[in-house]
Amino acid sequence: MKEITAIQPQLHPALANTRLQLAIYTATGRLVDKRKSTVDADSLPDYQELRTQANDIKRHAIDHLDHYLELFERNVEANGGKVIWCRDGKEVVDFLLTLAKQRKSKILVKSKSMTTEEIHLNDHLEEHGLEPVETDLGEYILQLAHEKPYHIVAPALHMTRYEVADLFEEKLQLKREEVPEKQTQIARGILREKFLEADIGVSGANFLVADSGAVVLVENEGNARLSTTAPKVHVAVAGIEKVIPRAQDLATFLKLLGRSGTGQQLTVYTSFLSGPRRKGEIDGPEEFYVVLLDNGRTKVLQDADKRQALFCIRCGACLNICPVYRRIGGHNYPWVYSGPIGAILTPQFKGLDKDPWLPHASSLCGACGEVCPVKIEIPRLLLELRADIEQAKAAKGEDKSEKLGFQAWAKLMSSPQLYRAASAAGSWVLQDMGDGGWSSKLPFFMNLGPAKGWLSARDMPLPPGESFRQLWRNRRKQDGTQAQPAQTQPSRAGKTSQGRQPE
Amino acid sequence: MPTRVSIFVTCLVDQLFPKVGIAMASVLERLGYSIEFREDQTCCGQPAFNSGFREEARTVARHFLDVFDDAEYIVLPSGSCTAMCGHHFAELFRDDEAMLHRVHAMEPRIWEFSRFLLEVAKTEDVGASFPAKVTYHDSCHALRELGIKQGPRRLLHHVRGLELVEMDTAEECCGFGGTFSVKFAELSGAMARTKVESIRRTGAAAVVSIDSSCLMQIEGAMRREGLAVKALHLAEVLAGGAA
Ligand code: SF4
C-alpha cells in the first residue's frame, strides 16, 4: 500500500483492507441499484414531488417543534401512555433503571435504534447489572462482537458469514455454522427465549405522529413488533426531531423510506403503536412510554439553516451512494452516525473542534444530496461547516498554515501582474523536467506537501512551457498569416481582432 | 447570433492544459464567434471556497466580477467553475447586497462550454471528426449542480467517426475534489482507481469530460495504473479534424 498522507491517519487501515473495501463497495452498490429501480420514473412517477413534500413537512415540523411535541405528548397521554422528557443519555438510563427495579426485571429486549446507540444505552445498562438484548439480527451480531453499527440501516454490513461463524462459535460456544440461514435460525432460537423472559421492550421510533400520539416503527424482521408487544412494558426512545404533524404525512414518508433505504416499496413490517393495551384488546403492552431525547438537538436547532440535518429519516441512501463511505466504511467515522449524514451531524452535535477533518473528508461530488429523500442539502452544509470550522480555528489563532496559504493565494489571484509573474516562474522551474509531460516522481526537495500527496496515488502533470495566455498571444500575432481554412470560418479573422488587447 | 464571446480559461487550464483553452476558442471561432480573452482573469475562487476560506474566496470572486462585469457571454471550459460563478458566488456574497446584485446580474451570462454550444449557438454538430471509441465521464458538478447529462453526449454523437461507449461508473466521482485530492490522497486515489478500472472495461481509446480537473485526476491515475487511454476535454474532441 502506498504511503499515507491523509489528515486522518486512521482512514488508512480501512483503505488498506482491499477485501473489505470491495465487500462494502459491492454491498452498497446493490442497495444503490435497488433504490434506483424503485424510484425511477416508471416505478414512482411522483418521486421528486414526494421529496419536496417530505422536505416541506419536516421543515414545518422542525420550525414548530415545541408545538408538535406538546401535541404528541397530549395524545400519548390520551391513549394511556406516558412521555418522559430526557435531556441526555444519563436521564434515559436512570429512567430505565428505575423501571427495571419496579418491574424486578433484568432482561430488556431491544429492537434496532440508532438513538440508543447514540447514548451507549447497552453499556450503561450492563454496568448496572441489567441484560439488554439486541433482537435485530445485525445488531445482535454486533452486540456479541462489541462493535458499533457499521451502517445506520445495515449495522453488520461489513461482516462476512465466516466472521459471523467465528463469532457464534466463540461467544455462543456452538458448533461452527457457516450457512447464513442456519445462523439466523440459531439467533432466532436464542432470541425467542429472551422475548419470553423480558419484561421490558425497548425500541426506537421512525416517526412520532403528533395528531395521534403514535409511534411508527419500520422494519423487516418482525423483531421490533415482538419487542414492543411481547413484554409487559414498551419504552420507545426517540430523538425529539422524529415528530411529524399528521398520520396522513406517513403516506409521503413511507413511500420514500423503504425505497431509499433498501429498495423496497414498503418494508415488511410497519407498526403503529399508540398506547398500552386497551380493554378488550388481545395484545400489546401493559405500560407504554415514549422517551423524548434531546441529547444536543436543541443546540442544533439554534442554527436555522444547518438544522435541516435533523430532517433525516435515517434511510441510509446517502451512505450507500457515498464514494467516501464506500471506501473507508462506517467505523472510521467518529460517531455512531456515519457517511454524509454523519459528517454533517457530528460537528453540529459534538462541536466544531472535535473532528474538524470530518466535513473536509468529501470530494463534494453531491451524490448524497441527490438521493436524500427529504432533500437535506448535505453538500452545501458540508461547505458551511468547513467555513465554520476554519473561522473557529482562525478566531482561536489555531493552525494558521492553511489560512496563510490561502491569504497569499488570494493576493496572487486578485492581482493579474502577480499571477502572471508567478505563472512564468512556475513553468520556468518545472519546465526542465519535461515539456508539458507527466511525472511519476519529483526530486526530493520538491516532493513535499500537496505534491507528495498527489504523487502518492497518481502521476502529476507538469506545466507546459507556455501557459494559455502565452499561447493566445502567439496565436494572435500569427493571426492573418495562419488563418483557418476559409470554408470553416470565413469571417473569423476580421471578428477576432476585436478582442480586448492585453495591456 | 451574438458575435462576441468572452472566455474564462480557468487557472488550471491556463497553467496546465492550455491546449484545452485553445481548442475551446477554435470551436467557438469556427461557429462564427469572435473571442476575447481578458488578460486580467485569474481564478474563480473555488479552491478557497471549498476549503472553508470564504474571505479569501470573496477576494478572488470580486476580482472575477471586476474582470467580467460587462461581458455579454462568458464561456468556461469547466462545469465546476461554472457552478462556482453561477451558484456559489451568491452564497459568498449573501450578506452584501451590492455585490449580490452584481452577482445576480452576471449569473445568466455565465455559460459552461457544451451548454453554450447547445443553447446559445444552437448546434449539436460543430463539424468535428474524431475516429475513435470514447467514453464520457460525468463530472460531478456539471451533472449535479448544472444538470448537464445528455448535452455533451449529443455533441459527441455528431462527431464523425466517433463511437461513444458508456462506462458503468460514469456518474461516480473520480475522486478529485480539489484539495481533497491531496489532503486525503489515498482515499482520493482509491476512488480514481475505480474509475480507471471502469474505463479499462469499456475498451475505449479516450475518456472525455468537460472538466480538466477530473481529467487531470483520471489521467494521473491511468498513467500510474498503466492504462494507455487518452484523457481529453470535450473541446479537444470537438476541435478535432476540422481545424
Ligand atoms: S441524510 Fe437523507 S439520505 Fe442520508 S440517511 Fe438521512 S434521510 Fe437518508
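Quick note on labels: first sequence line is chain A, next is B, and so on, each numbered from 1.
- Heavy atoms of B/Glu91 lying under 4.5 Å from chain A belong exclusively to its side chain.
- For A/Leu455, the parts lying under 4.5 angstrom from a heavy atom of chain B are both the backbone and the side chain.
- Note on ring orientation: taking the six-membered ring where Trp is involved, the planes of B/Phe176 and A/Trp454 are perpendicular (angle over 60°, cut-offs 30° and 60°).
- Contacts of B/Cys174 with chain A are absent, with no heavy-atom separation under 4.5 Å from either backbone or side chain.
- By the side chain to side chain donor-acceptor pair (under 3.5 Å) test, B/Ser80 pairs with B/Gln46, B/His141, sequence neighbours left out.
- Residues B/Ala48 and A/Trp409 approach most closely at CB-CZ3, 3.5 Å, considering heavy atoms.
- By the 4.0 Å N-to-carboxylate-O rule, A/Lys403 lies close enough to B/Glu56 to be salt-bridged with it.
- Note that the OG atom of B/Ser51 and the CD atom of A/Glu402 stand 5.5 Å from one another [nearest 0.5 Å].
- Both the backbone and the side chain of A/Phe406 come within less than 4.5 Å of a heavy atom in chain B.
- A salt bridge does not link B/Glu39 to A/Arg476: none of the charged nitrogens lies less than 4.0 Å from a carboxylate oxygen.
- The OG atom of A/Ser414 sits 11.5 Å away from the CG atom of B/Asp40 when rounded to the nearest 0.5 Å.
- Both the backbone and the side chain of B/Phe49 come within contact range of chain A, with heavy atoms under 4.5 Å apart.
- B/Glu145 has no carboxylate O lying under 4.0 Å from a charged side-chain N of A/Arg380, or vice versa, which leaves the two without a salt bridge.
- B/Thr179 OG1 to A/Arg386 CZ: the interatomic distance, rounded to the nearest 0.5 Å, is 6.5 Å.
- B/Ala190 touches chain A through backbone and side chain together, each having a heavy atom under 4.5 Å away.
- Using a 3.5 Å distance cut-off with no hydrogens or angles, the side chains of B/Thr194 and A/Arg327 do pair a donor with an acceptor.
- Ring geometry for A/Phe468 versus B/Phe37: interplanar angle over 60°, hence perpendicular rather than tilted (30 to 60°).
- The minimum heavy-atom distance linking A/His360 with B/Phe180 is given by the pair O-CD1, 3.8 Å.
- Contacts of B/Arg54 with chain A are made by side-chain atoms alone, with heavy-atom separations under 4.5 Å and no backbone atom involved.
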